[in-house]
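Some notes on the structure that comes next.
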Amino acid sequence: MMIQQIQQILTTQSGELLQALGQHLEISLLALLIAAVIGIPLAIILTAHQKLAEAMLQVTSVLQTIPSLALLGLLIPLVGIGTVPAVITLVLYALMPIFQNTYAGLSGIDPALKEAEIAFGLPRAKRLLRIELPLAMPLIISGLRIALVMIIGTATLAALIGAGGLGTFILVGIQSNNNALLVVGATLSAVLALVVSALIRWLGTLSFKKITISLAIFVGLFGLVEGVTRFQAAPTKITIAGKLGSEPEILMNMYRDLILADHPQYDVTVKPNFGGTTFLFNALKADQIDIYPEFTGTVLQTLVKSPTKTNQNPTKTYQLAKKSLQEQFKMTYLPPMRYQNGYDLAVSAAFAKKYNVKTISDLAAWNQSFTAGFDPDFYHQKDGYQGLRKTYQLKLDAKIMEPSIRYKAIADGKVDVVDGYTTDAEVARYKLVVLKDNRHFFPPYQGAPIMKESFKKAHPEVVKALNKLAGKITEDQMQQMNYQVQVKHRKARDVAHDFLVEQKIINK
Amino acid sequence: MIEFEGVTKQYGQSRALDGLTLTIPDNGLFVLVGPSGSGKTTSVKMINRLIEPTSGTIKIDGQPIDQMDLQTLRLNIGYVLQNIALFPHLTIEENITIQLEVLEWSKADRQKRARELLTLVNLDPDKYANRYPSELSGGQQQRIGIIRALATKPKVILMDEPFSALDPVTRTQLQDLVLDLQKQLHNTVVFVTHDMKEALRLGDEIAVMRAGSIQQIGTAEAIFNQPKNDFVREFFDIERQPTTLTVQDLVAADLGTVVSGQPETIATTASIKALAQALIAQPEGVVVALDDQTQRQLTTTDLTTLIAKRGL
């Protein structure tokens, strides 16, 4: 089962995997290079200043003890999100093994040899290049190896702040309960670490001269590739990002297709799985991304200061969110799509038929305790089960279950009712029926593109293109698309494109 | 000519050298000898400025060394270290010619010089030039250490207790080598040792040092026969004290006849006094076992040969 899934991922997503592998390697090598360029000369200089060196050893050790996630978080207000903070974090981590090993290698040289090289009148550069660095080389190489293996491991976290890499697969795997994806991401990252570690070990067996030449060639090639990539940057650049998950990824790809349909020459970058709400919002504020899809309810609850956190009327919620964003952040919130993605209650098709329930009131009307499996958050929250129970006078025998398990439980007939999100792929997968919230208890969550006012003014043509999606996409359609991506493992890009074509929103 | 003029070296409260005034003549083997802490190593390391004096002047051929270019000075002074200190990652050839690299000799010239020097100390260049130091024995390594100091044809060669880590047999061989090379090349050699026997054997002139100052300077004979003070006399008394030679020394000097299948009658650790007593009891000879198979028979002639060679 798992092996088949992995095979499927390897065949259907080989392009993405290669790209992620490339990104991962790029971030890692860049970080290693920077750390080496800082760490090795620093160690060389500080070898002559023992007290400073001790202090530096302390500093690098302390850096090492900061949890990588915390470090990533600390850097966001300073340098934003994406590749830059990821590389900075990795560099800080890699500094310790590189600095420490180089320092240990240089200061561990037999004092008699140092006396000899001085007594022979060898100039400083000659001593360093001919005697000291070659003698320290085994330790320096092992420092680089430790650093790179650590970097490759830690770089999986870079996905959290939108730097991409293999971590994306791990994150999506965890989020969508897709173990195969997780295994693929983790295995590839481990294999990558082993391969480069072996490569560096091999490098260590060469003579000092060959090592220097190999490193020079590597740095040259790396610089060339980076340079060429940078140089090729196209005219109008638009970056679209989105949160973790299939739904934001589908929406981002729709935005991209809509823009490209009108302006094929634009360079539109899609950054899926870019992290959580606050990450994205800060990235937007810092001009690191231009557009991302956000829910009306989330805007009100998390992003803006607003006296009323919820409003049962979708249109009013949108208007309030739009106004607050404009006033507080000078941002534009385009008209939302049709579907609502919020909490819901779902039952199996058989159950719906047997008890003839279509709405939550229908369910409450049965004077019978049905079993229910609820997500812990949903169970405890006032805008979840606690409020729902009062509003509808529900009498459920409710149990708390892990989110991933509850859909399985209802599919296996262990429970009658589960909570969920309106557009969850599992609704289509397990042929569930979503009960209508006929008393409008759940706050409305409608998705719409959010961007800076300055961007809107600079690119009215983009706004026009994106507005074609306003009022489109029903809950069923979104469920189907999520199902295609999460369960059928189709590419979000293809699913998005097919939908736009089918709906005749774009041609071809 | 190397001249020390009132050279003092102060380390905090303690004085390693106390107004040292000394002239080292050209083309001779000059030995600085004394117990540890006497300032002999400090003195020699001042000549190539590994240690700078607190006060006083050192001149080479009349020119104060602190006014000379440091690198030129060092490239023109050979230096042999106590710990040998061959660079482990360089081949023997590269070790010998490292200073010639700085002087920008061509690869071919460097190779030629290394071969010359290896031949000089009876090491086959074809066999040793491309080996690494760890593949050589301690004695061979110090031979390389010595010829490395000769590479730039320096006029002055400093040797800081170069043989103290070697076994007695190898030490004697290398002492012979140094004497031989000095006769051939006429360098000015400044040799530091704490071993009075070594000093007497090597020195054209010997300076006996104690607590940072010189007690007596003179030829081996003069110092041995007319010690200037109690310290010098006592220092040499060690040489006059009963010998510590053992049966092992006879074996090491390759004396005695190889025999087999005989019971051991004396241990290798026995003193030569015990050996002499045993030989009076067994005039036909005593047997010492080298290992399970081979033994050596030692006679009175072997004992007298050793004493003739080494002294008591």
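Quick note on labels: first sequence line is chain A, next is B, and so on, each numbered from 1.
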query = So which of T152(B), N83(B), L81(B) has the largest heavy-atom pair count under 4.5 angstrom toward chain A?
reply = L81(B)
key: For chain B, the option from E117(A), R130(A), K126(A) that forms the most heavy-atom pairs under 4.5 Å   =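 The residue among E117(A), R130(A), K126(A) with the greatest pair count is R130(A).
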query = In terms of heavy-atom pairs under 4.5 Å, which option from A116(A), A112(A), A119(A) contacts chain B the most?
reply = A119(A)
inquiry  = Can you tell me which residue among T154(A), L92(A), L157(A) is in a side-chain contact (heavy atoms from CB on, under 4.5 Å) with L71(A)?
reply    =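 Result for side-chain contact (heavy atoms from CB on, under 4.5 Å) with L71(A): L92(A).
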ask   = Does atom CD of Q184(B) have more than 12 heavy-atom neighbours, drawn from other residues, nucleotides or ligands, at distances under 6.0 Å?
value = yes
query = Between E54(A) and K51(A), does at least one N-O distance fall below 4.0 Å, as a salt bridge requires?
reply =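 No, no charged N to carboxylate O under 4.0 Å.
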task = Decide side-chain hydrogen bond (donor to acceptor under 3.5 Å, both in side chains) for D160(B) and T41(B); before the verdict, give the C-alpha distance in whole Å, the side-chain angles of both, and the deciding distance to 0.1 Å.
result = CA-CA 7 Å; D160(B) 182 17; T41(B) 293; 3.1 Å; yes
inquiry  = Report which part of R148(B) has an atom under 4.5 Å of a heavy atom belonging to chain A: side chain, backbone, both, or neither.
reply    =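 Contact with chain A: side chain only.
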task = Under 4.5 Å heavy-atom distance to chain A, tell me which part of L90(B) shows up: side chain, backbone, both or neither.
result =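 Side chain of L90(B) only, per the 4.5 Å heavy-atom cut-off to chain A.
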Y128(B): which of Q140(B), E93(B), R143(B), R115(B) passes side chain to side chain donor-acceptor pair (under 3.5 Å) =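 The option that passes is Q140(B).
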